[in-house]
Amino acid sequence: MKSLIAILFFPIFILAQQKDTIATKLLPDSLKLSNPSTSLSDSTKKSRKTDVDAIVLASAQDSLVYNVKNKKMFLFNKAELKYKTTDLKSGKIFVDYDRNELEAFGIEDTSDTAKVKLKQTPVLAEGADIYEGSRIKYNFRTQQGFISLAKNREEASRYEGEKVKKVDKNTYFIENGMFTTCEEENPHTHFTASEMKVIQRDKIIAKWIFMHIGGVPFPIPLPFAVIPNESGRRSGIIIPTYGQEFRRGQYFRNFGYFFALSDYFDLALTGDYFTKGGYGLRSRLRYAKRYDFSGSFNAGYSRITLNEEGDPDRTEETDWNFSLFHNQQIDPTSRLDVNLQFQSKDFFRNNSISYNDLLTQDIISNATYSKRWEESGNSLSINYSRTQNLSNGNVYESLPNIYFSNNIAYPFKRESSESITDQKWYEMIALTYSGQLRNERRKTEGNLRIRGGVQHNLAVSASPKFGYFNVSPNISYQERWYNKRIKTVNQPYDFTDSAGKVTRRDSLITTDEKGLFFVRTFDMSVTASTKLYGIMQPNILGIQAFRHTLMPSISYNYKPDFGSDSWGYYDSYTKINGQIERYDKYGSEVFGGAGRGENQSLTFSLGNVFEMKTMVDPNDTTKNSDANKIQLLNVNASVGYNFAADSLKLSDLSLDFRTQIGQSLNLSSNSTFTFYDYVGTQRINRFLASAGKGLLRLSSFSFSVSTNLIGKAREERRSTPRKTESDYDAFQKKDYISVYDENGSPDLSIPWNLNLSYNYNLSKFSPSEVTTYSNLSADLGFSITKNWKFSVRGSYDFDRKEVIAPQITIYRDLHCWEMNFTWNPIGTYRGFMFEIRMKAPELQDIKVSKSRGLYSGRR
């Protein structure tokens, strides 16, 4: 049984007047010495000068021996000292209080006949740091010490040495040291150096470093190295990648410096250099404050020079880009989200090898400030949006776009009304308002067009209930304000062809008229709906009931013909053949014009919902014992009839359905049918039934099915605890700006995953004009063993009978190394990249890579 002593250090010597030495053998119970109430001797008073200022707990299995006169303590066999956050375990521990020193040794292993091995070698733990060695000598006043055959283990790395000297609280000098990030006792990869300096939670500095792989040293050493010894982000040089491109020659990519300026923001500056001419510069500033805001600013510039000066095919291209991302919750009712991207049209083509970048056609930017008022329910949003087409250079901008919405109001509702049954019909009348201001800039083919306007929407509605029917009348009013409208006139001219024949041709001239113009429109509708339920209770096979919900509705809509002359929204011009053409004077404005044609339509719709309810397990007392309600199928149909139309009064019949089977399979479909016949490619005002061609003809059809299947994660991988987050955990893993599409290491805890989606679309503009699109996309990942991960992704176009953008990736976990292989076998962006690199973040620049095609810069 262990003996336990709680020592205050200076009171321990109060027994000096009785006996010089106290020997404590194995005791049946622990012995505790504390400060008695007797007076202290002179030697005791002097002992108060010791630098030990906290209780020390000491224990040993064999014996504790105190030399009171010389102020020394000896612990034998499984000895342990605990002082503040320091814990020392060893076979033998000697403490000298006068000199503030302790020594710890291993004891001889009696099973070793050669009498060389030691057991119970010292293990010193200081907080999260652990040191091992055959002998430890330590001064707890100066915090200096010496460790023989030392080992130190940290969270993801360790270093060892024949001799370790501690010169202060955080600094160590190591002789014949070894550093590794491998967890194995005999590491697969490690670094050795004759001299090393370790600064705790800062860095490791070494000179003449040899890298050992599988126990074999690399013959060429590094003259010196500085290795980060702290988790998180650190400032330092970003090691470049190097290689060769077909057009630009040898290159160095991503060479630069990373500045970890604080826990809240950092800066990366990188650049590229190509021997055949050309360079690139990039910068990225990131910032984040948890629960408050985060964002980044990126900028890039590249100049590409191909071929020699004086060559006829010499080209020089300059590209640029910059982007700003910002997300901030200003207060509980307001938020700011910014995603702005601007770049030259060839920036991705000349500077990226990412599939996603190369296939991008539009660069979309948005910045939105939103605000809502909780008491009134009103809301406001201010938005800037921009779309840049990379193929033709067209730009569409909206600045500003201000939208205000007023919460629904019941102007006639009494305060005393507590429920719907107590309310009069007029109390259900609701009033809603929304307003929008928008200014648009469109730059197409070098021409700039600016349009702006204000739109007001006012709606009055009610929802009274008559028996089993809900009746919802609605009146909507829209008013648009514009400062421009178009004016089109025909100015015919004489055209002379090559044969000298003169013909008269139309020439339409469109100009803008400036002023303050109003477009006022309105429409009315009334809808009646109800619900019918059908229930079947089989109570078999775990099924308690089926329910079919039928939701019929009928609605009437009215809108006058705003294209008539009485409204003044349309104008006309005359062609040379005497034909009069009418046009909408406000059709080109931001909110459009009034619309032509009267509408008096009656619309029928029928919704169907099929559901199933499972039985309750009487033996299950957990909260999961409740009956599950599963939605099996949704089917909807609608058709309308416009009484005011001069022809084709019956609208197309629309059918759609959707269903979800479990959590992994989704199906949906939509189709439309026409009741009218065609002559050639033109639909005519004659029913198919009248022509003896049946009742309906399919005009469009679409179908999609998708599934996402994932195997059960391995328990040993899933149980790994997560690290505690900090303010800068919102930052990306990489501390540099990479041109490669690096998705990180795959999740090896998932044995397999499969994503499949199939889409089919058919459009029949007429019986003779049919277009189809059929596409199957797949993404399959599987692990043959716990260290191998294979992924295959791509799609197949059934109409073109070709595979689109296939990609194969193979990943191998090599313990402290990892292997990645990415291959695009066919297509414009074919190529491969093979890479083996170390997994430790601070050593990932140690790698071997080979690439061809896309990944080497060839197009």
Side-chain angles (χ1 to χ4, degrees), residues 329-337 366 368-383 385 398 400-438 453-481 518-531 549 551-560 562 590-592 594-595 599-605 607 609 634 636 638 640:
Q329 187 73 43
I330 300 173
D331 57 46
T333 63
S334 60
R335 180 176 180 83
L336 177 63
D337 295 286
N366 269 290
T368 303
Y369 168 79
S370 57
K371 170 72 177 178
R372 59 182 175 84
W373 290 267
E374 294 184 348
E375 294 183 358
S376 62
N378 300 334
S379 63
L380 172 72
S381 68
I382 303 174
N383 171 264
S385 63
S398 177
N401 186 5
I402 303 174
Y403 182 82
F404 174 80
S405 176
N406 186 33
N407 192 27
I408 188 170
Y410 296 90
F412 306 108
K413 186 176 181 180
R414 295 171 299 168
E415 295 183 359
S416 59
S417 300
E418 296 181 356
S419 64
I420 296 178
T421 56
D422 297 333
Q423 294 179 4
K424 303 295 183 180
W425 66 269
Y426 55 83
E427 294 184 72
M428 300 181 185
I429 297 176
L431 181 66
T432 58
Y433 168 80
S434 65
Q436 187 175 7
L437 181 150
R438 187 196 302 173
V454 178
Q455 178 174 254
H456 303 275
N457 294 283
L458 181 65
V460 180
S461 62
S463 56
K465 190 171 184 179
F466 299 96
Y468 296 103
F469 293 90
N470 293 312
V471 180
S472 303
N474 181 79
I475 301 176
S476 298
Y477 173 79
Q478 301 86 32
E479 183 168 314
R480 306 172 183 93
W481 299 349
F518 301 94
V519 178
R520 300 178 177 94
T521 60
F522 65 91
D523 60 81
M524 296 178 289
S525 67
V526 59
T527 302
S529 63
T530 188
K531 288 185 178 181
T549 304
M551 297 172 290
S553 71
I554 181 172
S555 63
Y556 175 77
N557 298 270
Y558 170 75
K559 188 187 74 170
F562 294 106
V590 291
F591 300 114
N599 179 42
Q600 294 189 51
S601 61
L602 195 64
T603 303
F604 301 89
S605 65
V609 179
N634 288 58
N636 302 288
S638 65

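Quantities reported herein were computed from a predicted structural model and do not represent experimental measurements. The figures here come from the full heavy-atom set of this structure, side chains too, leaving out hydrogens, waters and symmetry mates.
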- Message: Is it the case that over 12 heavy atoms from other parts of the model lie below 6.0 angstrom from the CZ atom of Phe469?
- Response: no
- Query: Should we count OH of Tyr556 as having more than 12 external heavy atoms under 6.0 Å?
  - Reply: yes
Are side-chain heavy atoms of [X] and [Y] found at a separation under 4.5 Å?
X      : Y      : value
Tyr477 : His456 : no
Ile475 : Leu458 : no
Trp373 : Leu380 : yes
Pro400 : Leu437 : yes

Which atom pair, heavy atoms only, marks the closest approach of [X] to [Y]?
X      : Y      : value
Ile429 : Tyr410 : O-CD2, 3.4 Å
Ser461 : Asn474 : CB-OD1, 3.4 Å
Asn557 : Thr603 : ND2-OG1, 4.2 Å
Ala409 : Pro411 : O-CD, 3.4 Å
Ser398 : Arg438 : OG-CG, 3.4 Å
Lys371 : Ser334 : CD-CB, 3.8 Å

- Partner set under salt bridge (Lys or Arg N to Asp or Glu O under 4.0 Å) for Arg480, not counting sequence neighbours: none
Report the distance from atom [atom1] of [X] to atom [atom2] of [Y], rounding to the nearest 0.5 Å.
X      : Y      : atom1 : atom2 : result
Arg372 : Ser381 : CZ    : OG    : 13.5 Å
Asn383 : Thr368 : CG    : OG1   : 4.0 Å
Leu431 : Phe412 : CG    : CZ    : 9.0 Å
Asn599 : Met524 : CG    : CE    : 11.0 Å

Would you say [X]'s side chain and [Y]'s backbone share a donor-acceptor pair under 3.5 angstrom?
X      : Y      : answer
Gln455 : Glu479 : no
Asn378 : Asn407 : yes
Thr521 : Ala594 : no

- Task: Evaluate the criterion side-chain hydrogen bond (donor to acceptor under 3.5 Å, both in side chains) for residue pair Ser472 and Thr527; output intermediate values, then yes/no.
- Result: CA-CA 5 Å; Ser472 303; Thr527 302; over 6 Å; no
- Step by step, would you call Ser476 with Gln478 a side-chain contact (heavy atoms from CB on, under 4.5 Å)? CA-CA 7 Å; Ser476 298; Gln478 301 86 32; 3.4 Å; yes
- Task: Look at the rings of Phe562 and Phe522 and say which category their plane angle falls in: under 30° parallel, 30 to 60° tilted, over 60° perpendicular.
- Result: perpendicular
- Message: Would Asn366 and Ser385 count as a side-chain hydrogen bond (donor to acceptor under 3.5 Å, both in side chains) here? Give the steps.
- Response: CA-CA 4 Å; Asn366 269 290; Ser385 63; 4.7 Å; no
- Do Glu427 and Lys413 sit within salt-bridge range, that is, some charged N less than 4.0 Å from a carboxylate O? no
